[in-house]
Amino acid sequence: MISVEDALIKIIHNLVSTNLEYLSLDLCLDRILGEDIKSSFDNPISPISAMDGYAIHLNGTESLPLNFHVIGEIAAGQSFDRILLPGEAVRIFTGGHLPLGANSIIIQENVIFNNNSIRVQQGSLKIGQHVRQQGIDFKENQILVSKGVKLTSRHLALLAAAGYNQLPIKCKPYIGILCTGNEIVLPGLPKTKEQIYSSNHISLAHLVSIFGGIPIQLGIVEDNEKQIISRLIHIEKLDMLVVSGGMSVGAYDLTKSAFKQNGFDLDFWKIAMRPGKPLMFGHYKNIPVLGLPGNPVSTFIGAFIFLKKAIYTLLGQTTPLCHTILQAYLVGNLPANDQRQDYLRAHMKILKNLEKPGLWVEPFILQDSSVLSNLAEANALIVRTPFAPALTHGSIVETLIIENHGF
């Protein structure tokens, strides 16, 4: 068995990042930026007023009261075509470009206007007050957003302000999903009492979409080597293949052997983690293949830990962090851990009026890898490193936050 950390390193080591496509800004939300985006100008391009008032020139020695002769007006987005002289003022509105010679703004509330003249009797007299200097937002040739960033509405607002109407975006990777097992049947179809309905094809497809990929359903096949391989005719069109089931050592766990007999290059099999020990990774026809255990919880957690990191790598994503990690106080007690890294389904909530107010997390008593009901209720996974000591109530534990769940 190898460690979770070593497995992650091996999985992402040879993954090839996807190509670029150019999309209009309205299609770029939550997509991954493929190149650094730089500004082509200073913003603002010259000093502008931050308030409604009057643009004036100060030398720094004036005292109140002061009188100025008003020689014009500047609206937002406009400028003035002559140099402002000492003793002159220009009526200016928020967003108006300061005339040459002006270096301060007197707000209109501090001014008495009378017959094209103003008298300033109150307020401060400071050079640069209420002036947004050239380039205060961003400078020419400044990197506005770095490649690998997942674009939010805030990023897109900035890039729109910089004049961009389309962006180089990383293409979403195509992730094939193949589920194996004699016992599984698609929901909605008749089944025998011995069979179970498939859930892994649904959870994997949704996770692939959440992580930024495009799920390609390859269906369900029986535990038969020829059937497994027959579904992989068009695998070369995929960026990665995920297979659920057939990874253990039973007589009907044939996925690994089916791949191995057809040119599969196995990188590793078995990880020191719980749930999900029989997890496999390798390459088939140069396509990376992630083999997950068939138990639904093992499939989910394996995808959450490894598939997410793989898709982020294919997308060249650098931020945000792959997983949201929080520390919380433990509800109850936990025994000492063995050599496998544990991921315990748990419920996290904020508690007040305690000796230790803050985040508290309670692991579910039942941690069987086939139990989906408490996974659906979970909003966190408690991470227990190999050989972690026993913990008592109120101890601090590290948790991974599961997407799309609040606490």
Side-chain angles (χ1 to χ4, degrees), residues 7-38 143-156 158-159 164-178 201 203-218 231-244 259 263-265 267-268 279-292 299 302-324 403-404:
L8 283 168
I9 291 172
K10 287 179 178 292
I11 288 173
I12 68 174
H13 178 65
N14 291 316
L15 292 181
V16 178
S17 182
T18 59
N19 295 325
L20 297 180
E21 58 181 338
Y22 284 81
L23 299 178
S24 61
L25 249 61
D26 59 323
L27 299 177
C28 292
L29 183 65
D30 291 333
R31 297 295 299 271
I32 309 303
L33 190 62
E35 296 176 350
D36 291 343
I37 302 298
K38 297 182 178 181
I143 294 178
L144 299 175
V145 186
S146 300
K147 66 178 180 179
V149 169
K150 186 176 184 179
L151 295 168
T152 66
S153 57
R154 304 182 303 280
H155 296 122
L156 296 176
L158 171 62
L159 297 177
Y164 286 91
N165 65 349
Q166 64 175 7
L167 298 172
I169 298 297
K170 297 295 289 184
C171 294
K172 291 187 175 185
Y174 288 93
I175 310 297
I177 298 170
L178 178 64
H201 71 292
S203 65
L204 287 173
H206 289 169
L207 287 174
V208 167
S209 297
I210 291 170
F211 299 157
I214 297 175
I216 305 297
Q217 293 284 10
L218 300 179
R231 292 296 176 95
L232 308 180
I233 297 174
H234 303 296
I235 189 175
E236 66 275 3
K237 297 180 180 180
L238 301 175
D239 294 288
M240 190 172 192
L241 172 66
V242 182
V243 184
S244 170
F259 277 95
F264 180 66
D265 183 15
D267 201 331
F268 65 81
L279 190 145
M280 174 188 80
F281 181 76
H283 290 78
Y284 178 74
K285 295 185 177 180
N286 294 320
I287 303 298
V289 178
L290 177 65
L292 300 172
T299 294
F304 184 71
I305 302 299
F306 299 104
L307 180 58
K308 183 176 185 179
K309 183 65 174 179
I311 292 177
Y312 274 34
T313 303
L314 289 169
L315 288 167
Q317 186 168 355
T318 56
T319 57
L321 293 175
C322 190
H323 293 103
T324 302
E403 279 84 353
N404 295 336

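For the numbers below, each heavy atom of this structure counts, side chains included, while hydrogens, waters and symmetry mates do not.
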Could you walk me through whether L167 and L25 satisfy the side chain to side chain contact (heavy atoms under 4.5 Å, CB included) test, starting with their C-alpha distance in whole Å, then the side-chain angles of each, then the deciding distance to 0.1 Å, before giving a yes or no? CA-CA 7 Å; L167 298 172; L25 249 61; 3.7 Å; yes

Residues I235, Y284; criterion side chain to side chain contact (heavy atoms under 4.5 Å, CB included); working and verdict: CA-CA 9 Å; I235 189 175; Y284 178 74; 3.6 Å; yes

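Residues L27 and I169 form no side-chain contact, since every pair of their non-hydrogen atoms from C-beta on lies 4.5 Å or further apart. With contacts defined as side-chain heavy-atom distances shorter than 4.5 Å, the pair L292/L204 qualifies. For the pair L314 and I175, the minimum side-chain heavy-atom distance is below 4.5 Å. With a 4.5 Å cut-off on side-chain heavy atoms, H323 and K309 do not count as touching. Two residues are said to be in side-chain contact when any heavy atoms from C-beta on lie closer than 4.5 Å; V242 and T299 fail this criterion. Two residues are said to be in side-chain contact when any heavy atoms from C-beta on lie closer than 4.5 Å; M240 and L307 meet this criterion. Taking 4.5 Å as the limit, every side-chain heavy atom of I177 sits out of range of all side-chain heavy atoms of L218. L144 places none of its side-chain heavy atoms less than 4.5 Å from the side chain of K38.
When every heavy atom of Y22 is checked against every heavy atom of Q166, the shortest pair comes out as CB-OE1, 4.2 Å. Between F281 and F264, the shortest heavy-atom contact is C-CZ, 4.2 Å. The two residues G212 and L315 make their nearest non-hydrogen contact at O-CD1, 3.9 Å. Residues S17 and G316 share a closest heavy-atom pair of OG-N, 4.0 Å. Nearest heavy-atom pair, P168 versus L20, reported as atom, atom and distance to 0.1 Å: CB-CD1, 4.2 Å. When all heavy atoms of H155 and V149 are compared, the closest pair comes out as CE1-CG1, 3.5 Å.
Summarising the geometry, atom CG belonging to L290 is positioned 10.0 Å from atom OG belonging to S244; distances are rounded to the nearest 0.5 Å. Interatomic distance, K147 NZ to I32 CD1, rounded to the nearest 0.5 Å: 13.5 Å. To the nearest 0.5 Å, atoms CG (L279) and CD1 (I305) are separated by 10.5 Å. Taken from NZ in K172 to CD1 in I311, the straight-line distance is 10.5 Å, to the nearest 0.5 Å. Atoms CG and CE, from D267 and M280 in turn, are 11.0 Å apart once rounded to the nearest 0.5 Å. The distance from the CG atom of N19 to the NZ atom of K170 is 7.0 Å, given to the nearest 0.5 Å.
Every residue two or more places apart in sequence or in another chain was checked for a ring pair (Phe, Tyr, Trp, His ring centres under 6.0 Å) with H206, and none qualifies.
Relative orientation of the F211 and F304 rings is tilted, given thresholds of 30° and 60° on the angle between their planes.
Within the 3.5 Å criterion, the main-chain N or O of C171 finds a donor-acceptor partner in the side chain of T18. With hydrogens and angles ignored, the 3.5 Å screen pairs no side-chain donor or acceptor of E236 with any backbone N or O of K285.
A 6.0 Å sphere centred on OH of Y164 holds more than 12 heavy atoms belonging to other residues, nucleotides or ligands. Applying the 6.0 Å contact sphere to CG of N286 captures no more than 12 heavy atoms from other residues, nucleotides or ligands.
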Less than 3.5 Å apart, which donor and acceptor atoms pair up between the side chains of residues 9-16 and the rest of the protein, not counting sequence neighbours?
none

